[in-house]
Peer 1: 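I have a structure I would like to understand better, so I am pasting it below and will then ask my questions one at a time.
Keep in mind the model is a prediction, meaning the values are calculated, not measured. In each ligand, atom 1 is the first atom listed, and ligand 1 is the first ligand listed.
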Amino acid sequence: MFIGHFGLGFAAKRAAPGVSLAILFLAAQFADTLWPFLVAAGVEQVRIDPGHTAVTPLDFVSYPWSHSLLMLAVWGVLLGWMFRTVDRRAFAVIAALVLSHWVLDVVSHAPAMPLTITGSTHLGLGLWNSLAGTAAVEVAMFAAGVWLYQSSTYAVNRKGELLLVALCAFLLVLYLGNLFGPPPPSAQAVASAGLATWLLIAWAYLLDRHRQQRPPPA
Ligand SMILES: [Zn+2]
């Protein structure tokens, strides 16, 4: 799953308005921000296997540190604890977002999602076997999330509008490129592309500074 995670990050702004969108993105995508480094270091493994699923040629051979239920619970508690003071719901929302990555990836991935670091149980419902199904679910989640974000905040200047529109357009183009583009040349290329998530987090930080929480209707 890709933009579905970002959709959830956007949506979470309504639940914890004091938390920057950048932190919400980091939480929703924590597994995928960690993963490129672990692949580059050889700690986790991915293989290119064209046709592995309809959506992606990536065969996630091993990714227990970034993608197991156990570790995402641990990362969620740690990240939530780090930012616990910025909003009264920050801890719960951030921890839940980190963990949501596991749930959404179980829905989309082939049965490869680990429960623990060493266990042999791997889950995956394989939404990725259907290109149309994947696109429908993710685009709907993304649209709902953006709608919740833009309706619970307002732009304090032009930048607050433009950065949001440009971010959404960029994410959608990136997503369509993922769905319909050629398979990546190598696992290392995949890992490098994964670093783009950090750019999106920086973008969200800038955007969020030019928007403010909408006051509750009187
Ligand atoms: Zn993931």
Side-chain angles (χ1 to χ4, degrees), residues 1-12 22-41 43-49 52-80 94-117 119 121-131 133-135 137-139 141-142 145 171-172 174-179 181 183-184 187-201 204:
M1 182 154 294
F2 180 62
I3 55 170
H5 294 303
F6 287 96
L8 220 54
F10 271 120
I23 304 305
L24 299 172
F25 274 12
L26 175 65
Q29 278 288 60
F30 194 76
D32 289 357
T33 52
L34 205 58
W35 180 73
F37 297 109
L38 296 172
V39 170
V43 176
E44 300 196 338
Q45 281 84 38
V46 63
R47 209 165 59 88
I48 314 276
D49 174 22
H52 190 70
T53 65
V55 170
T56 176
L58 301 184
D59 175 7
F60 299 99
V61 178
S62 167
Y63 50 178
W65 295 98
S66 65
H67 276 76
S68 68
L69 177 63
L70 173 72
M71 284 316 296
L72 283 172
V74 170
W75 299 132
V77 167
L78 282 176
L79 198 68
I94 291 171
L97 273 178
V98 175
L99 209 55
S100 77
H101 193 105
W102 188 83
V103 176
L104 293 177
D105 276 6
V106 164
V107 172
S108 42
H109 289 211
M113 292 289 292
L115 285 174
T116 63
I117 299 163
T121 308
H122 294 90
L123 306 178
L125 300 175
L127 177 63
W128 273 349
N129 290 319
S130 163
L131 195 65
T134 301
V137 168
E138 288 208 61
V139 170
M141 285 180 66
F142 182 69
L171 274 166
L172 282 169
L174 213 61
Y175 184 57
L176 293 177
N178 261 335
L179 284 187
Q188 290 306 326
V190 175
S192 314
L195 294 174
T197 310
W198 289 98
L199 168 78
L200 295 165
I201 290 169

Peer 1: Do any protein N, O or S atoms sit under 2.8 Å from the Zn ion (ligand 1), and which ones are they?
Peer 2: Asp32 OD1, His67 NE2, His101 NE2, Asp105 OD2
Peer 1: May I ask you to check whether over 12 heavy atoms, not counting those of Trp102, lie within 6.0 Å of atom CH2?
Peer 2: yes
Peer 1: Keeping His101 on the side-chain end and Ala28 on the backbone end, is there a donor-acceptor pair under 3.5 Å?
Peer 2: yes
Peer 1: With no hydrogens and no angle check, just 3.5 Å: does a side-chain donor-acceptor pair link Asp105 and His67?
Peer 2: yes
Peer 1: Among His109, Glu44, Gln45, whose side-chain hydrogen bond (donor to acceptor under 3.5 Å, both in side chains) with Tyr63 holds?
Peer 2: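 With Tyr63 as partner, side-chain hydrogen bond (donor to acceptor under 3.5 Å, both in side chains) holds for just one option, His109.
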Peer 1: Please identify each residue that fulfils side-chain hydrogen bond (donor to acceptor under 3.5 Å, both in side chains) with Asn178, with sequence neighbours left out.
Peer 2: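 Asn178: no side-chain hydrogen bond (donor to acceptor under 3.5 Å, both in side chains) contacts found.
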Peer 1: Has the side chain of Thr33 got a donor or acceptor atom that lies under 3.5 Å from a matching backbone atom of Phe30?
Peer 2: yes
